[in-house]
Amino acid sequence: MSGLFGIIEAGKQSLFAQQSALQILNHNVANAGNPAYTRQRVLLGARSILGEMGLPQSGGVQILGVQRITDHFLLGRVTRAQGEYGEQSALRASYDLMELAFGEPVDTSLGETGLGDDLRSFLDSWQLTLNPDGGGDSSDLAPVILENARSLAQRFRSLSTSLLDQAEGTREDIELRLQESNRLLEDIASINGQILEASMGDSARSDLIDSRQQSLLQLAQLTGCRWEEGERGDVRVLLGSRTLLDGRSAGRLSLETSPDSEARIPGSVLKLEGQDFALDLPAGEISGMMEALNVRLPEMLARVDRMAAAIVEHANRIHQEADGAPGGGIDIFSGTDASTIELNSVLEGNPDLLSTAGVLEDGSTIAEAFYALHDMAMDADSNQSLESYYASTIGELGAKSAMAASFASSSLRTLEGVEQRLASVSGVSLDEELANMMMVQTAFQASSRVISVVDEMLDTLLSTV
């Protein structure tokens, strides 16, 4: 079509194109405060003035589609940063709880004490028997020593219980996050299906992709996953080389206890339901929690158990060797680790059975032998004393906690930085939208004016015929 009618046709197409552009601009403005929204724009292309077989046509403009304005490189960086931050924040939270369990450093102004204080009090209480002029009859000190022993055993059990409770709480938190991950996988699979099947406009399709992208980012923070987009717009979700989701088919994550684990904090593994291999998460909150559950908490509990076993072994050996009234020849503690250590029930009702003035085979007094534990090697596998081993445990815990906090802060800054960069590309700028709106309005008015002028020309032409 050419001539005046062709100009009218081109003007009409221009009006339709500007109307569509205005609808998308309105959609952008309406979602200016929505952080999950990716701005859109109408893609326009020139319509050739040559039609089929080289015949002339009206030309003008045509709508090529609606484009989501994003940066795939930045989006991938946000995804990785989400996983890194999720992992480090989970580790930091775990270390914070462990530090609360140990209660170090204590606030002495409030009368607080920790395991290290109780250990020193128990060993120091024997020193009083070496100075009867200052402490009275050594036999009168037995109740004091037993009370310190009871307090020490209770502190060990309390610390063991706190670590075991934290492990159980971590396991429950992992289960909850796995439920959330499975829900997100189902949502993503559902949106994949809608994108593959539904007949919709490009703008509605972009909104679905935005919704799916938010679910994917949440899943990345939980699991450290990544995804690949297919030619038809669906995505495949991966954990390393393992496929979690492909098109409409989504797997389910589950937590299982290692069948050969007999530890007090049993090892746990992540699996895809219906498959036997264990999943190794590259990052994410669940990865940080799994590290705390399988590595960090068992390490701390093993250290506490080792200390409890050492104090039981040394205290019982010394008191068994003690010769002389009163008491001696029996165990002070029962139990084998931090969860079972207790003051011997026999001594509970018979403090006179505690030897406070006995002599050991090497000629040292029982008080001297107990006080020597301040500096004696804890066990055959360590050249550290009980106190120095405890101090190194607290120091290591504090160092790892500080490192986790530093990594969490650093990963958060990285995440916020790349999110801001992505928002500068994908987010809605009201100033930019207003400028585009004025351009659309001007183009619409100009096209309308062209049609009006052609209409006047046609009236003039018809009046002359």
Side-chain angles (χ1 to χ4, degrees), residues 1-72 194-213 229 231-233 422-465:
M1 181 182 296
S2 59
L4 294 178
F5 289 104
I7 296 174
I8 291 177
E9 178 65 22
K12 182 183 72 173
Q13 291 173 1
S14 176
L15 291 177
F16 289 158
Q18 304 311 320
Q19 178 183 342
S20 297
L22 186 60
Q23 288 175 336
I24 296 301
L25 287 171
N26 179 57
H27 192 42
N28 288 341
V29 171
N31 285 277
N34 181 3
Y37 179 76
T38 300
R39 66 187 178 97
Q40 305 170 13
R41 69 180 177 192
V42 174
L43 295 177
L44 302 177
R47 190 164 179 263
S48 175
I49 59 174
L50 295 178
E52 296 180 1
M53 300 179 65
L55 298 177
Q57 60 180 8
S58 59
V61 68
Q62 60 181 341
I63 299 175
L64 302 178
V66 176
Q67 180 185 20
R68 293 173 71 247
I69 308 301
T70 190
D71 186 315
H72 291 289
Q194 294 178 57
I195 291 176
L196 291 172
E197 295 177 359
S199 175
M200 63 185 75
D202 287 341
S203 180
R205 182 186 178 91
S206 295
D207 291 339
L208 274 178
I209 293 175
D210 282 346
S211 178
R212 185 183 64 189
Q213 180 173 297
E229 187 168 346
E231 294 181 356
R232 299 173 61 193
L422 182 61
S424 68
V425 175
S426 301
V428 175
S429 168
L430 292 178
D431 291 338
E432 182 178 349
E433 299 304 316
L434 180 60
N436 291 336
M437 197 177 300
M438 294 175 63
M439 182 174 63
V440 167
Q441 180 183 13
T442 302
F444 189 93
Q445 291 173 342
S447 298
S448 299
R449 181 57 183 160
V450 168
I451 293 175
S452 297
V453 170
V454 172
D455 182 60
E456 293 174 2
M457 294 173 67
L458 285 173
D459 288 340
T460 302
L461 179 60
L462 291 173
S463 64
T464 61
V465 176

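Every heavy atom of this structure was used, including side-chain atoms; hydrogens, water molecules and symmetry mates were not. Everything numeric here is computed off the predicted structure, so don't read it as measured data.
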Inter-residue atom distance Q13.CD - L44.CG, 0.5 Å rounding: 11.5 Å
Closest approach of S426 to D71 (non-hydrogen atoms, all atoms of both residues): OG-N, 4.3 Å
Out of curiosity, N28 CG to T38 OG1, how far, rounded to the nearest 0.5 Å? 10.0 Å
Heavy atoms of H27 and N31 approach each other most closely as O-ND2, 2.9 Å
Identify the heavy atoms of V42 and A21 that sit nearest to each other, and give their distance. CG2-CA, 3.7 Å
Which is it for R212 and I195 under the side-chain contact (heavy atoms from CB on, under 4.5 Å) test, yes or no, and what are the steps along the way? CA-CA 10 Å; R212 185 183 64 189; I195 291 176; 3.4 Å; yes
Which atoms form the tightest heavy-atom contact between Y37 and D207, and what is the distance? CE1-OD1, 3.7 Å
For residues V425 and T70, report the shortest heavy-atom separation together with the two atoms involved. CG1-C, 4.0 Å
Taking atom CD of Q441 and atom CG of L25, what is their separation to the nearest 0.5 Å? 11.5 Å
Measuring from atom OG of S206 to atom CD1 of I69, what distance do you get when rounded to the nearest 0.5 angstrom? 9.5 Å
Say you draw a straight line from CG of D459 to CG of D455; how long is it, rounded to the nearest 0.5 Å? 5.0 Å
Just verifying a value: how many Å separate Q40 CD and R205 CZ, rounded to the nearest 0.5 Å? 12.0 Å
Of V450, V61, I451, which meets side chain to side chain contact (heavy atoms under 4.5 Å, CB included) against L15? I451
Heavy-atom pair with the smallest gap, counting every atom of G11 and S447: O-CB, 4.0 Å
I'd like to check V29 versus M437 (side-chain heavy atoms, cut-off strictly below 4.5 Å). Are they in contact? yes
